Asker: 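Here it is: the structure, laid out below.
This one's a predicted model, so the numbers in the text were calculated from it and none came from an experiment.
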Protein chains: 2
Amino acid sequence: MASHGARGRSGGRPTLEEVAARAGVGRGTVSRVINGSPRVSDATRAAVEAAVAELGYVPNTAARALAANRTDAIALVVPEPEARFFAEPYFSDMLRGVGAELADSEMQLLLTFAGNARGRQRLAQYLAAHRVDGVLLVSVHADDPLPDLLAQLEIPAVISGPRSAAEALTSVDSDNYGGARSAVEHLLARGRTEIAHITGRLDVYGAQRRVDGYRDALRDAGHETDELLVEPGDFTEEGGRRAMSALLERRPGLDAVFAGSDVTAAGARQVLREAGRRIPDDVALIGYDDSAIARHMDPPLTSVRQPIEEMGRAMIDLLLAEIADRRPAASRGLERRHAVLATELVVRASS
Amino acid sequence: MASHGARGRSGGRPTLEEVAARAGVGRGTVSRVINGSPRVSDATRAAVEAAVAELGYVPNTAARALAANRTDAIALVVPEPEARFFAEPYFSDMLRGVGAELADSEMQLLLTFAGNARGRQRLAQYLAAHRVDGVLLVSVHADDPLPDLLAQLEIPAVISGPRSAAEALTSVDSDNYGGARSAVEHLLARGRTEIAHITGRLDVYGAQRRVDGYRDALRDAGHETDELLVEPGDFTEEGGRRAMSALLERRPGLDAVFAGSDVTAAGARQVLREAGRRIPDDVALIGYDDSAIARHMDPPLTSVRQPIEEMGRAMIDLLLAEIADRRPAASRGLERRHAVLATELVVRASS
DNA sequence: ATCACGTGTGGGAGCGCTCCCACACTACCT
DNA sequence: AGGTAGTGTGGGAGCGCTCCCACACGTGAT
């Protein structure tokens with residue numbers, strides 16, 4: 001057996017040319033049918049479709065990508081270690097929305113982790129090779145160079161987070177400020193007076209905005225700011241425990257805690273229990289994200305729902321639009337390129 | 001700093017040809033350097049590498065794929081709804097092993113969900129288009145047509161599970177039978193006499209093998225089979241609760257439970273607690289997977305550790321070898337194409 | 001009749017690579 | 001001297017598409 005015969009012409013998949021021959025038309029016509037161009041007569045279209053079906057023709061992605069200079073793929077970039085991706089429901093919700101919105105598109109989704117230096121390196125290489133038509137960037141940190149890199153490479157990209165994170169990039173955000181306000185206002189309305197806040201990781205934009213919402217709600221209600229009631233967390237359960245311990249020590253009289261995430265609230269709850277505080281009788285507790293944890297906690301946790309799945313959908317919509325705009329290199333419409341989605345307070349037994 | 005030098009040309013990225021011109025060599029030589037061929041003199045190689053660096057050359061993936069008829073990508077196919085993927089540590093461990101082993105390869109990993117009919121459809125289309133060089137198939141169910149499809153399309157593939165699942169495909173499995181035996185033998189050695197088993201989903205091959213191991217261990221120890229001590233579960237917490245309730249009703253005198261997964265064990269634990277049974281005093285409990293849950297449970301859960309991460313590594317190794325073998329269309333070495341990795345019982349306070 | 005258009009259609013010219021053959025050029029034999 | 005390897009190198013011939021120009025047809029206005 002000739003070793004170089006592996007390039008087998010006869011045994012391979014059918015090509016455009018073969019379909020064209022079968023249907024008795026030219027290559028261009030088949031291409032038009034495949035790509036849904038309207039400039040084909042009904043009879044011709046039917047003949048081509050028949051030939052495609054008979055031969056089981058499937059377009060060669062590589063050839064298309066080379067000729068058309070596009071890949072029909074987009075990347076969901078997670079600049080976090082994989083462990084966090086699995087630990088936080090945020091990402092799975094986001095992925096669900098993205099997947100759903102992408103379901104009826106031809107686009108293929110690539111999941112890319114870039115949690116360490118090596119991953120960053122690979123990603124940069126990857127983007128430089130233009131292996132994707134667009135990028136979805138979630139969980140961007142304060143000093144992250146990724147947005148700049150994307151802008152510089154002129155790769156369409158949508159970021160989840162506030163516009164300030166990367167002015168040049170389209171963004172989709174949820175109303176972190178308003179969500180935090182609604183939580184605090186709810187606690188105030190229930191008569192709580194000493195309300196603590198365990199923040200998220202402050203190098204994540206949204207976490208900072210929640211702190212702002214917390215502060216402003218208290219200030220607008222006439223409370224004076226007590227910085228000892230604010231303790232940094234990091235979105236993890238362990239961080240929640242640590243912060244709660246610190247808070248109890250500094251302000252044993254607190255009667256409510258607004259946590260930066262449900263997971264954090266779970267950690268805080270443990271410490272409160274161990275300290276003999278009843279929830280909500282002694283201390284009211286509110287989380288953020290309204291994830292599955294919130295529903296299953298004992299008692300069920302009041303939480304600020306972010307429309308994460310919708311955010312995923314919105315991000316895809318904007319990204320696809322931006323990719324489509326890239327073809328005719330005009331009309332760089334700057335209108336409504338920054339979306340903010342509303343949050344909702346889901347009240348349960350913990351408050 | 002010269003990275004912008006050649007950009008003006010046709011507005012695009014530098015090509016092989018441009019690198020060749022810059023280095024004063026031919027296209028073929030540059031290609032050889034890029035692909036690490038040894039048939040290049042040191043001087044020439046250095047010149048080419050300099051030109052590559054100066055121009056910031058990055059190979060065009062599409063062109064390479066078209067010319068070489070390969071994609072440098074492999075797919076990790078998860079034939080489950082996305083929710084399960086996130087809920088079960090099994091998948092994240094597997095992904096970690098796969099990712100680690102792939103880190104120093106040029107291969108890119110695609111994560112593909114095919115949990116519903118629509119996903120299946122997309123996947124089939126995807127495979128038919130040969131968009132990947134190989135496939136990793138995890139969590140295959142009994143009547144799944146995917147292995148056959150892969151064999152038919154002649155796409156290199158490695159399956160996680162026993163060889164019987166798809167004789168034609170390379171497989172990597174952990175010793176489910178032995179793992180279950182070791183768990184039961186441990187319980188027997190501790191003097192337990194009425195040992196129940198909550199199974200995994202029985203349409204998953206591994207779960208069935210664990211039942212076999214459970215039965216054989218009891219039989220070999222001279223116990224007679226009591227089918228009322230076996231209750232089907234589905235790997236979920238809820239399933240564990242349901243099964244435990246059923247078992248307690250049928251066999252209130254049981255003194256040990258071997259659960260099909262740690263998550264299942266967590267569910268069983270809740271029901272045991274509510275029924276007033278102390279662990280391990282009244283009832284010993286053993287899980288499977290040795291996931292994070294096991295370590296953090298109260299009391300810490302004895303569990304059968306599967307080397308999932310290693311399985312991921314092994315799968316990648318075998319797959320890459322198979323892809324490499326595909327080039328010279330000879331030597332379809334059938335040797336050691338079915339690997340079985342050992343399990344280990346991790347004993348903690350619950351037994 | 002001529003011209004002007006719009007509508008379908010065929011096929012040439014690439015896209016940027018890899019593969020492989022041909023061709024130096026150098027050893028080291030007979 | 002001629003022969004025979006082996007080594008490094010250049011470049012033609014594609015891979016299977018998309019893009020776009022050319023052209024064959026209508027059809028209606030001049």
Side-chain angles (χ1 to χ4, degrees), chain A residues 2-48 52 55 57-72 106 128-131 133 327-328, chain B residues 6 9-21 23-48 52 55 57-72 106 128-131 133 327-329:
Chain A
S3 55
H4 70 284
R7 292 268 245 155
R9 319 251 321 107
S10 47
R13 300 149 50 195
T15 69
L16 241 207
E17 192 111 33
E18 287 164 26
V19 173
R22 177 88 170 212
V25 299
R27 260 184 13 258
T29 302
V30 176
S31 178
R32 263 165 241 136
V33 172
I34 299 293
N35 293 291
S37 158
R39 318 196 131 284
V40 182
S41 70
D42 290 347
T44 306
R45 180 183 307 278
V48 170
V52 166
L55 295 174
Y57 170 75
V58 179
N60 180 315
T61 329
R64 173 177 290 180
L66 178 58
N69 196 32
R70 61 191 163 86
T71 62
D72 293 324
E106 290 291 84
H130 285 261
R131 289 186 72 157
D133 292 340
R327 305 257 293 143
Chain B
R9 279 295 173 276
S10 49
R13 304 146 49 196
T15 69
L16 241 207
E17 192 111 34
E18 286 164 24
V19 174
V25 300
R27 260 184 11 258
T29 301
V30 177
S31 178
R32 263 165 242 135
V33 171
I34 299 293
N35 293 291
S37 159
R39 317 197 131 284
V40 182
S41 69
D42 289 347
T44 308
R45 180 183 307 279
V48 170
V52 165
L55 295 174
Y57 170 75
V58 179
N60 180 316
T61 328
R64 173 177 287 180
L66 178 58
N69 194 32
R70 62 195 162 85
T71 63
D72 292 325
E106 290 291 85
H130 286 259
R131 290 188 69 160
D133 292 341
R327 305 254 295 141

Asker: Consider the side chain of B:S41, meaning its heavy atoms from C-beta on, and name the nucleotide among D:dC17, D:dT9, C:dC17 that approaches it most closely.
Answerer: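 Taking heavy atoms from C-beta onward, the closest nucleotide is D:dT9.
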
Asker: Should B:N60 and B:T15 count as side-chain neighbours, where that means a heavy-atom distance under 4.5 Å?
Answerer: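 No, their side chains stay 4.5 Å or more apart.
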
Asker: Under the rule for side-chain hydrogen bond (donor to acceptor under 3.5 Å, both in side chains), what residues qualify as partners of A:R22, not counting sequence neighbours?
Answerer: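 Residues passing side-chain hydrogen bond (donor to acceptor under 3.5 Å, both in side chains) with A:R22: A:E54.
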
Asker: Considering every strand and a 4.0 Å limit on heavy-atom distances, what is the contact class for A:T61: base, sugar-phosphate, or nothing?
Answerer: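 Since no nucleic acid heavy atom lies under 4.0 Å of A:T61, the category is nothing.
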
Asker: Using whole Å, report how far CG of B:L66 lies from P of C:dC17.
Answerer: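 About 12 Å, once rounded to whole Å.
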
Asker: Output the rounded distance in Å from CZ (A:R39) to C1' (C:dC5).
Answerer: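 Between C1' of C:dC5 and CZ of A:R39: 13 Å.
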
Asker: Within the structure shown, what part of the strands sits under 4.0 Å from A:N35 by heavy-atom distance: base, sugar-phosphate, or nothing?
Answerer: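 Here A:N35 touches the backbone only, sparing every base.
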
Asker: Is the shortest heavy-atom distance from the side chain of B:V25 to the side chain of B:R32 under 4.5 Å?
Answerer: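 When only atoms from C-beta onward are counted, B:R32 and B:V25 do not touch, as no gap falls below 4.5 Å.
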
Asker: Looking at A:N35, I want to see if its CG is surrounded by more than 12 non-hydrogen atoms of other residues, nucleotides or ligands under 6.0 Å.
Answerer: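 Atom CG in A:N35 is crowded, with more than 12 foreign heavy atoms closer than 6.0 Å.
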
Asker: Taking the side chain as every heavy atom from C-beta outward, state whether A:D72 and A:E106 have any pair of such atoms under 4.5 Å apart.
Answerer: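 SC-SC contact between A:D72 and A:E106 ruled out.
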
Asker: What is the distance, to the nearest angstrom, from the CG atom on A:L55 to the C1' atom on D:dG16?
Answerer: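 Those two atoms, CG and C1', are 15 Å apart.
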
Asker: Roughly how many Å is it from CZ in A:R70 to P in C:dG16, rounded to a whole number?
Answerer: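 After rounding, the gap between these two atoms is 16 Å.
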
Asker: In terms of side-chain heavy atoms of A:A63, which of C:dG8, D:dT9, D:dC17 is nearest?
Answerer: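 So the side chain of A:A63 is nearest to D:dC17.
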
Asker: Return the value, rounded to whole Å, for the distance between atom CD1 of B:I34 and atom C1' of C:dG16.
Answerer: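 That distance rounds to 12 Å.
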
Asker: In whole Å, I'd like the distance from the CG atom of A:D72 to the P atom of D:dC17.
Answerer: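 Going from CG in A:D72 over to P in D:dC17 covers 13 Å.
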
Asker: From the list D:dG8, D:dC19, C:dC15, which nucleotide is the closest neighbour of the side chain of B:T44?
Answerer: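 So the side chain of B:T44 is nearest to D:dG8.
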
Asker: Are side-chain heavy atoms of B:V33 and B:T44 found at a separation under 4.5 Å?
Answerer: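 In short, these two side chains do not touch, never coming nearer than 4.5 Å.
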
Asker: Measure CG/A:D42 against P/C:dT7 and give the value in whole Å, please.
Answerer: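 To the nearest whole Å, that distance equals 14 Å.
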
Asker: Between B:R131 (CZ) and D:dG16 (C1'), how many Å, whole number?
Answerer: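 For the pair B:R131 CZ and D:dG16 C1', the rounded distance is 15 Å.
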
Asker: Within residues 23-33 of chain B, find the residues that approach DNA chain C with a heavy atom at under 4.0 Å, and present them sorted by residue number.
Answerer: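 By residue number: B:R27, B:S31, B:R32.
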
Asker: For B:T61, which residues count as a side-chain hydrogen bond (donor to acceptor under 3.5 Å, both in side chains) partner, sequence neighbours excluded?
Answerer: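 Listed in chain order: nothing, the list is empty.
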
